[in-house]
Trainee: 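So that we are looking at the same thing, I have put the structure below in structure tokens.
Labels below follow one simple rule: chain letters A, B, ... track the order of the sequence lines, proteins then strands, and each chain is numbered from 1.
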Protein chains: 2
Amino acid sequence: MKDITLKQIAETLGISITTVSKALKNYPDVSAKTRKAVLDLANSLQYTPNSFAVNLRTKESRTIGLIIPEVVHHFFSNVINGIIAEAEKNGYLVIILQSNESLELEKKQVELLMSKRVDGIIMSLSNESNDDDHIKELIRREIPFVMFDKISKLVNCSKVIINDQKAAYNAVAHLINKGCKKIAHIRGPVNPQNAIDRFLGYKKALEKHDIVYNSKLVYTCDNVTFEEGKLFAEQIIKEHPDVDGVFVITDLVAVGVLDYFNEIGIKVPQQIKVIGFSNWFMSQVITPKLSTVDQPSYEMGVQSFCLLLEEMNCKKESLSFQPKTIELETKILERESTLEK
Amino acid sequence: MKDITLKQIAETLGISITTVSKALKNYPDVSAKTRKAVLDLANSLQYTPNSFAVNLRTKESRTIGLIIPEVVHHFFSNVINGIIAEAEKNGYLVIILQSNESLELEKKQVELLMSKRVDGIIMSLSNESNDDDHIKELIRREIPFVMFDKISKLVNCSKVIINDQKAAYNAVAHLINKGCKKIAHIRGPVNPQNAIDRFLGYKKALEKHDIVYNSKLVYTCDNVTFEEGKLFAEQIIKEHPDVDGVFVITDLVAVGVLDYFNEIGIKVPQQIKVIGFSNWFMSQVITPKLSTVDQPSYEMGVQSFCLLLEEMNCKKESLSFQPKTIELETKILERESTLEK
DNA sequence: GTAGTTTTCGAAAACGTTTTCGATACTTTA
DNA sequence: TAAAGTATCGAAAACGTTTTCGAAAACTAC
């Protein structure tokens with residue numbers, strides 16, 4: 001019950017390993033007759049090349065690594081889906097690792113993937129990441145590399161992002177158009193670029209519409225959880241009872257906000273309007289249905305892999321590669337939570 | 001900028017490759033002095049063994065494959081999480097593939113993983129799977145293999161499951177205890193064992209409580225979606241307006257049911273009580289909060305990997321391995337949707 | 001029949017590691 | 001001092017594939 005090798009086929013056919021290998025790979029310098037003999041035998045024995053040997057010889061594994069903060073997350077699992085689908089279409093497999101939002105773990109995962117010699121790496125930064133040494137090392141070693149969503153602007157590599165600032169601007173402008181005068185913002189942690197950008201979009205939208213920015217109306221999540229949503233909703237009501245709109249970093253937290261408002265009987269959207277971000281599935285089943293910003297997560301995965309593939313192919317042919325940045329479109333999904341009364 | 005190899009270290013140190021290899025792997029037959037020299041140089045050059053060569057030589061890749069119906073799914077993403085975590089703890093990486101609930105794709109993925117020569121495979125069957133040839137082939141080739149959740153009873157391999165029948169029985173008994181007299185069941189597709197078992201549990205609970213089973217009250221999902229939940233809820237109301245309880249195959253569908261009831265103003269739990277299955281996150285944020293059966297998904301992932309590891313270790317030492325089945329506990333989570341009035 | 005061309009094949013090196021086994025050199029013991 | 005034992009090292013084979021390059025055979029044309 002041992003694995004079939006080229007050697008065994010060669011021996012039973014009385015020819016050389018070289019010829020067997022060539023026959024299987026359609027080299028022109030093998031006669032039709034021997035090719036057929038080889039193919040027939042290989043099929044009947046169910047020969048599959050030993051990928052360990054192929055890897056060693058060709059120096060590639062047709063495997064890529066993916067590092068994300070967490071798998072159990074509506075946005076990321078959709079990205080994973082896109083990456084896996086596109087990778088498979090191109091004959092690549094995907095190894096997935098989690099950083100659990102820890103910088104230390106993220107560094108370890110990068111090392112792990114490098115030691116496994118994956119052909120390329122796709123990554124979304126953890127919230128803790130404010131140091132790019134491990135990323136720079138990746139670039140220095142010329143390992144094809146793509147970042148998506150949570151990126152570092154300081155690293156020169158391909159990126160797939162949305163325009164967080166613009167999207168946030170539009171979300172807040174949407175609230176203003178619906179009549180909100182005093183808008184709070186529950187923002188993400190301090191490090192991630194997209195949390196910063198969404199905050200900046202919030203601020204800009206206020207300014208453009210002649211609403212004075214008030215830093216007291218900004219609440220900062222540490223863990224970006226449902227519970228934090230409830231907590232900050234409570235604080236908002238206590239500290240600023242006249243708030244009439246809330247822009248929340250992501251739907252999960254926004255759902256926490258809605259849950260609290262439901263509990264204490266605050267009417268959404270009549271008293272306060274709420275808009276989230278990312279279009280999690282649950283936002284369309286909660287009461288009231290949550291308005292949000294649609295983020296093309298699956299497409300983000302697909303594009304990330306495409307960029308990586310381009311870079312991997314360039315590397316294989318020793319061509320130089322210019323990193324690219326792809327910016328995907330977002331759009332406001334108006335649902336019940338921002339309806340005009 | 002080439003990769004460092006044993007050969008290079010050996011040459012700069014003027015010793016043999018053998019000795020370098022042994023020094024790095026703490027063989028006893030290398031002197032303290034040379035060991036230190038090797039270790040120092042290896043560290044300063046950031047030597048990492050070429051895993052392709054190691055794989056070829058040792059015939060293992062320290063990589064396992066995972067095939068699941070879909071990544072974007074609360075239950076499966078939690079299982080993934082458990083598997084990845086436990087695998088990493090033991091020095092294994094995980095390649096994830098999706099079957100998209102298609103038998104054909106599932107077979108292809110199995111072949112792919114075999115050709116990649118992963119050390120083992122963990123899998124949950126697709127809904128279409130009613131044929132085990134590809135699984136049997138896996139067993140025949142003696143590839144360590146574990147099934148979880150959606151299993152085939154005909155295959156002799158390790159399994160991690162819950163007692164779906166018992167859990168369903170308890171869920172329906174819970175409805176009955178809360179006063180329900182006429183209980184509908186929205187069941188899963190015809191093939192998967194767990195859909196069958198949950199149906200059987202439903203039937204048994206009725207019988208034990210002297211309620212006559214009525215096949216008209218059973219609705220069968222094809223795709224197990226939110227939309228199907230809404231659809232069947234509508235049918236139930238139309239065809240059996242006196243139904244006062246619904247047991248639903250999984251929370252996603254149950255949430256669809258609740259959504260329809262909310263829309264047309266049917267009060268849950270006053271008029272109809274609803275219980276789901278699996279404890280998806282959204283079930284605790286929807287209105288009313290959904291009662292459900294808690295399924296230890298993360299733990300299922302952990303246990304699956306543990307069983308696989310055991311089998312892989314046995315194989316490595318050429319010991320025989322007896323497949324085991326682990327049955328995990330579930331429990332009823334009582335929330336608003338089954339509250340007594 | 002010879003020179004040249006084309007077709008078909010295989011030897012061998014290479015990828016980088018692990019491990020067996022034998023060979024030194026050095027130390028201990030009687 | 002010789003024999004036995006121990007510590008240290010390295011040659012070489014093996015894992016299975018890919019690819020280069022040269023050789024042999026077959027065929028073409030004159």
Side-chain angles (χ1 to χ4, degrees), chain A residues 1-39 41-42 45-63 114-119 316-318, chain B residues 1-39 41-42 45-63 91 114-119 315-318:
Chain A
M1 193 54 61
K2 290 288 305 297
D3 289 324
I4 311 298
T5 68
L6 291 184
K7 193 175 174 188
Q8 291 172 43
I9 296 181
E11 276 169 4
T12 57
L13 250 42
I15 58 180
S16 77
I17 295 176
T18 309
T19 305
V20 176
S21 174
K22 285 178 177 173
L24 290 170
K25 308 197 78 198
N26 272 323
Y27 272 58
D29 63 342
V30 37
S31 70
K33 208 175 66 182
T34 46
R35 168 171 298 119
K36 182 167 164 22
V38 170
L39 256 51
L41 186 57
L45 293 178
Q46 294 196 61
Y47 168 78
T48 45
N50 182 316
S51 66
F52 297 159
V54 176
N55 291 347
L56 177 59
R57 177 61 218 226
T58 62
K59 296 181 184 304
E60 58 167 22
S61 57
R62 298 226 130 218
T63 303
M114 288 197 303
S115 80
K116 269 279 167 181
R117 284 176 155 72
V118 291
D119 296 345
K316 226 186 291 185
E317 325 221 337
S318 307
Chain B
M1 194 53 61
K2 289 287 303 298
D3 287 324
I4 310 299
T5 68
L6 291 185
K7 193 174 172 189
Q8 291 172 43
I9 296 181
E11 276 170 4
T12 57
L13 250 43
I15 58 180
S16 77
I17 295 176
T18 308
T19 306
V20 177
S21 175
K22 286 179 177 171
L24 291 170
K25 309 196 78 195
N26 273 323
Y27 272 58
D29 63 341
V30 36
S31 70
K33 207 175 68 181
T34 47
R35 169 172 297 118
K36 180 164 163 27
V38 171
L39 257 50
L41 186 57
L45 293 179
Q46 294 196 60
Y47 167 80
T48 46
N50 182 317
S51 65
F52 298 158
V54 176
N55 291 347
L56 177 60
R57 177 61 219 230
T58 62
K59 295 180 184 305
E60 59 168 21
S61 57
R62 299 228 128 215
T63 303
M114 288 196 302
S115 81
K116 269 280 165 177
R117 284 175 154 72
V118 290
D119 296 345
K315 188 182 176 190
K316 225 185 293 185
E317 325 221 337
S318 307

Trainee: Could you tell me which residues satisfy side-chain contact (heavy atoms from CB on, under 4.5 Å) with A:Ser16, sequence neighbours excluded, listed by chain and number?
Mentor: A:Thr18, A:Thr19
Trainee: Sequence neighbours left out, what passes side-chain contact (heavy atoms from CB on, under 4.5 Å) with B:Ala53? Give chain and number order.
Mentor: A:Leu56, B:Asn50
Trainee: Identify, with sequence neighbours excluded, every residue that meets salt bridge (charged side-chain N to carboxylate O under 4.0 Å, His left out) alongside A:Arg117.
Mentor: B:Asp3
Trainee: Could you go over nucleotides 14-16 of chain C and give all protein N or O partners under 3.5 Å, atom names and distances?
Mentor:
unit_1, atom_1, unit_2, atom_2, d
C:dA14, N3, A:Arg57, NH1, 3.2
C:dC15, O3', A:Lys59, NZ, 3.0
C:dG16, OP1, A:Lys59, NZ, 3.4

Trainee: Quick one: side-chain contact (heavy atoms from CB on, under 4.5 Å) partners of A:Ser115, sequence neighbours excluded?
Mentor: none
Trainee: By salt bridge (charged side-chain N to carboxylate O under 4.0 Å, His left out), which residues pair with A:Lys59, not counting sequence neighbours?
Mentor: none
Trainee: Which residue pairs pass the salt bridge (Lys or Arg N to Asp or Glu O under 4.0 Å) test when at least one of the two sits in residues 11-26 of chain A, sequence neighbours left out?
Mentor: A:Lys22-A:Asp29
Trainee: Measure the distance from OH on B:Tyr27 to C1' on D:dA7 and round it to the nearest whole Å.
Mentor: 17 Å
Trainee: If the condition is salt bridge (charged side-chain N to carboxylate O under 4.0 Å, His left out), which residues does B:Lys7 pass it with, not counting sequence neighbours?
Mentor: none
Trainee: Take atom NZ of B:Lys36 as the centre, draw a 6.0 Å sphere, and report whether it contains more than 12 heavy atoms from other residues, nucleotides or ligands.
Mentor: no
Trainee: For nucleotides 25-27 of chain D, which of its nitrogen or oxygen atoms have a protein nitrogen or oxygen under 3.5 Å away, and what is each distance?
Mentor:
none

Trainee: Take atom CD of B:Glu11 and atom P of D:dG10, then tell me their distance rounded to the nearest Å.
Mentor: 13 Å
Trainee: Could you pull out the protein-nucleic contacts involving nucleotides 9-11 of chain C (nitrogen or oxygen on both sides, under 3.5 Å)?
Mentor:
unit_1, atom_1, unit_2, atom_2, d
C:dC9, OP2, A:Ser31, N, 2.8
C:dC9, OP2, A:Ser31, OG, 3.3
C:dC9, OP2, A:Thr34, OG1, 3.0
C:dC9, N4, A:Asp29, OD2, 2.9
C:dG10, OP2, A:Ser16, N, 3.0
C:dG10, OP2, A:Ser16, OG, 3.2
C:dG10, OP2, A:Thr19, OG1, 2.7
C:dG10, O6, A:Lys22, NZ, 2.4
C:dA11, N7, A:Thr18, OG1, 3.3
C:dA11, N6, A:Thr18, OG1, 3.0

Trainee: Checking B:Leu39 now: which residues fulfil side-chain contact (heavy atoms from CB on, under 4.5 Å) with it, not counting sequence neighbours?
Mentor: B:Leu24, B:Arg35
Trainee: Quick one: salt bridge (charged side-chain N to carboxylate O under 4.0 Å, His left out) partners of A:Arg62, sequence neighbours excluded?
Mentor: A:Glu60
